[in-house]
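Just so it is clear, the values below take in all heavy atoms, side chains as well, and ignore hydrogens, waters and symmetry mates. A quick note: this is a predicted structure, and the numbers were derived from the prediction, not measured.
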Amino acid sequence: LKALFKTELADTSRANVLNKLSILYFYVNPDSSLQMALQLKELSHRINYKQGEADALNLIASHYLSRGNKDSVNIFYEQAINLYHQAGNSQREAMVLGNLGLLYQNQELHLKALPCFQQCLNLRLLKEDSTEVISTLLAIGATHRAQKDNELALKYYQTGLNLSRKKEDMAQVATSL
């Protein structure tokens, strides 16, 4: 990929290569990965490539989160969600909504987590991605449980369990229990 990046590429191809390189370097060389994500953000913004800019923002948020800097992570996630929506990539939009919901859930900001998870669930239901639907239902259940709303938590857990059984996905059944 590095050799490919050094060749003459169209700007969107260059952005896509930068994205892949940044992902590959995330754990191996985080500083280089972050620099690539920042380059990706600048390039994608300059060429009005919303998908690339959203990918960059998501990567930057992940870097900050992995470094324990949670203060600005939600801002990057929210910007990425907006750009994925504009780019028409509902699958990635749902993924980042789920990440943002988990961030809020871990910060015990349950009233902020629930709308993220609900939007995520709605997008995943449209795509009929049952594995992701189940994990989102369980996250919603966990958030309601943390709010001491056990009846509503049980409803979401039960729905996730029923879908897992219908899918005959024993790993998801175990997670649901």
Side-chain angles (χ1 to χ4, degrees), residues 1-2 4-5 9-140 142-143 172 175:
L1 283 174
K2 276 182 144 180
L4 181 62
F5 185 72
L9 292 172
D11 285 338
T12 54
S13 295
R14 183 171 295 284
N16 291 333
V17 170
L18 262 176
N19 183 45
K20 288 178 182 167
L21 280 170
S22 182
I23 292 168
L24 286 172
Y25 276 73
F26 190 87
Y27 294 107
V28 178
N29 190 336
D31 291 335
S32 292
S33 175
L34 179 57
Q35 287 308 311
M36 288 178 212
L38 292 167
Q39 290 174 24
L40 172 60
K41 181 181 179 294
E42 187 275 323
L43 171 62
S44 297
H45 183 75
R46 182 169 41 83
I47 64 172
N48 197 30
Y49 182 40
K50 295 184 186 317
Q51 174 75 36
E53 191 172 357
D55 289 341
L57 290 163
N58 188 43
L59 279 164
I60 293 166
S62 297
H63 275 287
Y64 285 169
L65 189 58
S66 72
R67 294 170 187 215
N69 182 358
K70 297 177 183 175
D71 296 336
S72 54
V73 171
N74 64 317
I75 295 166
F76 289 108
Y77 277 155
E78 288 167 2
Q79 290 174 355
I81 290 164
N82 184 41
L83 288 168
Y84 281 134
H85 183 77
Q86 290 176 36
N89 192 332
S90 61
Q91 184 176 4
R92 291 224 182 133
E93 181 183 356
M95 176 193 68
V96 179
L97 278 162
N99 290 346
L100 183 58
L102 288 171
L103 175 72
Y104 287 143
Q105 187 181 60
N106 290 334
Q107 294 173 336
E108 298 184 14
L109 299 171
H110 305 298
L111 293 176
K112 285 187 171 187
L114 280 172
C116 294
F117 287 139
Q118 196 60 56
Q119 288 176 346
C120 175
L121 179 63
N122 291 342
L123 289 171
R124 288 178 169 165
L125 285 169
L126 290 174
K127 291 290 181 185
E128 298 181 11
D129 186 349
S130 60
T131 300
E132 297 300 331
V133 166
I134 294 165
S135 65
T136 306
L137 287 165
L138 298 179
I140 294 171
T143 304
Q172 285 284 22
T175 302

Residue Glu42 excluded, over 12 heavy atoms near CD under 6.0 Å:
yes

More than 12 heavy atoms from other groups under 6.0 Å of CD on Gln86
yes

Side chain to side chain, [X] and [Y], heavy atoms closer than 4.5 Å:
| X | Y | value |
| --- | --- | --- |
| Lys70 | Asn106 | no |
| Asn69 | Val73 | no |
| Asn58 | Met95 | yes |

Taking it one step at a time, do Arg67 and Leu34 satisfy side-chain contact (heavy atoms from CB on, under 4.5 Å)?
CA-CA 11 Å; Arg67 294 170 187 215; Leu34 179 57; 3.9 Å; yes

To the nearest 0.5 Å, what is the distance between [atom1] ([X]) and [atom2] ([Y])?
| X | Y | atom1 | atom2 | value |
| --- | --- | --- | --- | --- |
| Thr131 | Arg124 | OG1 | CZ | 10.0 Å |
| Leu97 | Leu121 | CG | CG | 11.0 Å |
| Ser13 | Leu18 | OG | CG | 11.5 Å |
| Glu93 | Leu83 | CD | CG | 10.5 Å |
| Lys20 | Leu40 | NZ | CG | 12.0 Å |
| Met36 | Asn29 | CE | CG | 7.0 Å |

Nearest non-hydrogen partners of [X] and [Y], listed with the distance:
| X | Y | answer |
| --- | --- | --- |
| Lys127 | Ser90 | CE-OG, 3.0 Å |
| Phe117 | Leu102 | CZ-N, 3.5 Å |
| Leu24 | Val28 | O-CG2, 3.9 Å |
| Tyr27 | Pro30 | O-CD, 4.1 Å |
| Val96 | Ala80 | CG1-CB, 4.4 Å |
| Leu59 | Ser22 | CD1-OG, 3.5 Å |

Positive for side-chain hydrogen bond (donor to acceptor under 3.5 Å, both in side chains) with Gln51, one of Asn19, Asn89, Thr12, Asn16
Asn89

side-chain contact (heavy atoms from CB on, under 4.5 Å), that's the test. Do Tyr49 and Asp11 meet it? Break it down for me.
CA-CA 9 Å; Tyr49 182 40; Asp11 285 338; over 6 Å; no

Run the side chain to side chain donor-acceptor pair (under 3.5 Å) test on Tyr84 and Asp55 for me, step by step, so that the C-alpha distance in whole Å, both residues' side-chain angles and the decisive distance to 0.1 Å come before the verdict.
CA-CA 8 Å; Tyr84 281 134; Asp55 289 341; 2.4 Å; yes

Please work out which of the three classes, parallel, tilted or perpendicular, describes the rings of His63 and Phe26, given edges at 30° and 60°.
tilted

Sole residue of Thr143, Leu114, Leu100 in side chain to side chain contact (heavy atoms under 4.5 Å, CB included) with Gln105
Thr143

Show, in sequence, the C-alpha distance, side-chain angles and deciding distance for Ile75 and Tyr64, and conclude whether the side-chain contact (heavy atoms from CB on, under 4.5 Å) test is met.
CA-CA 11 Å; Ile75 295 166; Tyr64 285 169; over 6 Å; no

